[in-house]
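Lettering of chains follows the sequences in order, A, B, ..., and the numbering in each one begins at 1.
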Amino acid sequence: MMKIKMRDKLRKWREENFRNSEQIVDVGEELINEHASKLGDDIWIIYEQVMIAALDCSRDDLAWSCLQELKRQFPDSHRVKRLAGMRLEALERYEDANKLYDSILQDDPTNTAARKRKISILRAQGKSSEAIRELNEYLEQFVGDQEAWHELSELYINEHDYAKAAFCLEELMMTNPHNHLYCEQYGEVKYTQGGLENLELARKYFAQALKLNNRNMRALFGLYMSASHVAASPKVSAKVKKDNVKYAAWAASQISRAYQVRRVREENVKCSAHGITKAVYTVAMVHNVNIIHL
Amino acid sequence: MGEVELSCLAYAKMYLHASQFPRCSVNGLLLSSSAAGGAVCITDCVPLLHTHLSLAPITQLALTQVDVWCSQTQQRIVGYYQANACASDSSPTPCALKIAEKIFEQCNNAVLLMIDGEKMFPGCRVPPIVMYERKDARWALKDKHTIMLRQWEETCSIVNQLFSSGDQALLVDFDSHLDDITKDWTNQKLNAKIMELVSPANGNV
């Protein structure tokens with residue numbers, strides 16, 4: 001592969017924050033071995049990118065050589081120190097890694113990267129409650145850190161603390177109103193919490209996610225399921241029932257259409273579309289509502 | 001309780017699923033194409049999720065879809081498997097117990113299978129699995145001697161062959177299907193490749 005193409009690929013993966021570590025190692029290793037001298041100043045950021053990918057693939061040999069090059073060029077850098085810490089983490093030498101991060105923080109208490117690595121160590125060690133506590137403290141200081149809010153929502157979801165996960169997602173939706181994934185995840189959390197109010201909220205957020213991206217299948221299925229549940233609830237008025245049956249029917253038809261449009265012919269897909277249409281008619285029949293065949 | 005037999009196909013796909021997402025917890029359903037009663041023969045599995053295992057909507061959706069597919073293909077859901085993101089922790093999570101409970105409601109010799117990440121290295125002589133069964137209203141460790149993995153050596157070699165040929169990338173789980181609905185979560189292509197590798201002399205593996 002031409003070196004320019006390789007360099008561009010690495011840049012693209014860097015900018016989009018992909019974690020395709022095996023590919024990065026493949027391309028990066030070749031680029032470094034064959035063309036290091038011709039890369040100019042780009043080489044340093046490539047060393048960093050390849051090193052992290054190498055750690056992900058248990059390639060300590062490659063990670064070590066990248067680290068040596070970076071240490072040589074930037075002997076007092078905190079950024080390089082953090083990479084050394086990540087290598088220790090990959091080797092599960094958590095105490096040594098923590099010492100390194102603590103020394104960075106002594107020098108520079110505002111170093112967010114070192115703080116976040118310490119929290120990652122807690123997570124790797126399975127110390128979820130401590131990780132949650134530290135992350136909350138971190139966010140009190142650095143309230144705009146999107147990555148941290150998302151990490152916290154994941155931790156809460158794993159701990160089944162859905163109310164707090166919802167709060168984190170609300171923060172994310174406020175600062176990223178066009179992100180369909182956050183809306184859809186919020187819908188999933190609300191659905192999981194259950195109860196009529198949460199199901200109606202879930203439906204609204206699934207609908208919002210679809211408005212932002214009408215190909216989000218999870219949102220489409222989520223809309224169908226939450227609307228069906230609301231329609232089936234004994235606590236709702238006839239009007240609400242009727243509306244939700246319509247929403248569910250619409251979602252079902254969109255799902256069928258999506259599968260047909262992609263011309264998927266496998267058995268499992270036929271059964272998806274069939275299963276859903278069947279379920280929609282069942283919901284409608286149970287509540288004596290005529291649904292217009294869309 | 002009873003004996004459980006795990007086929008090469010089911011084992012290979014579970015292993016591939018866990019390997020495809022080493023940083024995530026993954027889960028899936030265990031299926032049987034044999035009639036109920038007697039030993040439980042796990043003949044296949046469906047890989048489900050690698051994100052947000054404990055959120056309800058997609059799990060419910062997947063369970064419904066697999067149920068419908070099973071009734072069309074004369075299979076039954078007989079168990080659940082999970083591999084935790086943290087390789088050193090192979091204990092069942094509350095979410096695993098919940099789903100296993102649901103399966104137990106329909107199948108009274110259902111099994112819960114946890115994949116032991118620490119044993120998933122090449123050359124390991126022991127299957128990286130821990131199985132639980134329902135006993136006295138809770139999930140208890142199953143006696144290792146009641147778990148059968150026929151042709152263990154061959155199964156290992158088949159898994160290695162899948163990795164060296166790059167076919168392990170063919171595996172599709174339900175999550176990946178939702179990201180791209182042209183992908184087949186029943187893994188017909190991969191199933192065919194694995195059955196090809198299974199030596200005909202073994203019959204049903």
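- Counting non-hydrogen atoms of neighbouring residues, nucleotides and ligands closer than 6.0 angstrom, the CZ atom of A:Phe167 reaches no more than 12 such neighbours.
- Of the possible polar contacts, none joining the A:Thr192 side chain to the B:Leu55 backbone as a donor-acceptor pair under 3.5 Å is found.
- The only option from B:Leu178, B:Asp179, B:Asp180, B:Ile58 that meets the side chain to side chain contact (heavy atoms under 4.5 Å, CB included) definition with A:Met217 turns out to be B:Leu178.
- Between B:His52 and A:Val189 there is no side-chain heavy-atom pair separated by less than 4.5 Å.
- Atom CZ of A:Arg215 sits in a sparse spot, with 12 or fewer heavy atoms from other residues, nucleotides or ligands closer than 6.0 Å.
- One N or O on the side chain of A:Arg218 and one on the backbone of B:Asp175 form a donor-acceptor pair closer than 3.5 Å.
- At distances below 3.5 Å, not a single donor-acceptor pair connects side-chain atoms of B:Ser54 with backbone N or O atoms of A:His160.
- Counting non-hydrogen atoms of neighbouring residues, nucleotides and ligands closer than 6.0 angstrom, the CD atom of A:Glu16 exceeds 12 such neighbours.
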Handout entry: Steps toward side chain to side chain contact (heavy atoms under 4.5 Å, CB included) verdict (A:Ser21, B:Arg23)
Key = CA-CA 12 Å; A:Ser21 302; B:Arg23 305 138 195 152; 3.9 Å; yes
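- For the set B:Pro22, B:Cys95, B:Pro57, B:Ser25, the count of heavy-atom pairs under 4.5 angstrom toward chain A peaks at B:Pro57.
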Exercise for the section: Would you sort out whether A:Phe221 and B:Gln65 count as a side chain to side chain contact (heavy atoms under 4.5 Å, CB included), showing the intermediate values? Expected result: CA-CA 12 Å; A:Phe221 277 112; B:Gln65 302 276 32; 4.0 Å; yes
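- Only the side chain of A:Glu154 has a heavy atom closer than 4.5 Å to any heavy atom of chain B.
- For B:Glu105, the CD atom counts as densely surrounded, since its 6.0 Å shell holds more than 12 non-hydrogen atoms of other residues, nucleotides or ligands.
- Taking a 6.0 Å sphere around CD of B:Glu101, one finds it holds more than 12 heavy atoms contributed by other residues, nucleotides or ligands.
- Put simply, OG1 on B:Thr51 and CD on A:Glu188 are 7.5 Å apart, with the number rounded to the nearest 0.5 Å.
- Neither the backbone nor the side chain of A:Ala165 comes within contact range of chain B; no heavy atoms are under 4.5 Å apart.
- Rounding to the nearest 0.5 Å places CD1 of A:Ile157 at 11.0 Å from CG of B:Leu53.
- For an aromatic pair to be called close, the ring centres must be under 6.0 Å apart, and B:His177 with A:Tyr259 satisfies this.
- Using a 4.5 Å cut-off between heavy atoms, A:Arg19 touches chain B through backbone and side chain atoms alike.
- The two residues A:Ala124 and B:Cys86 come nearest to each other via the heavy atoms O-SG, 3.8 Å.
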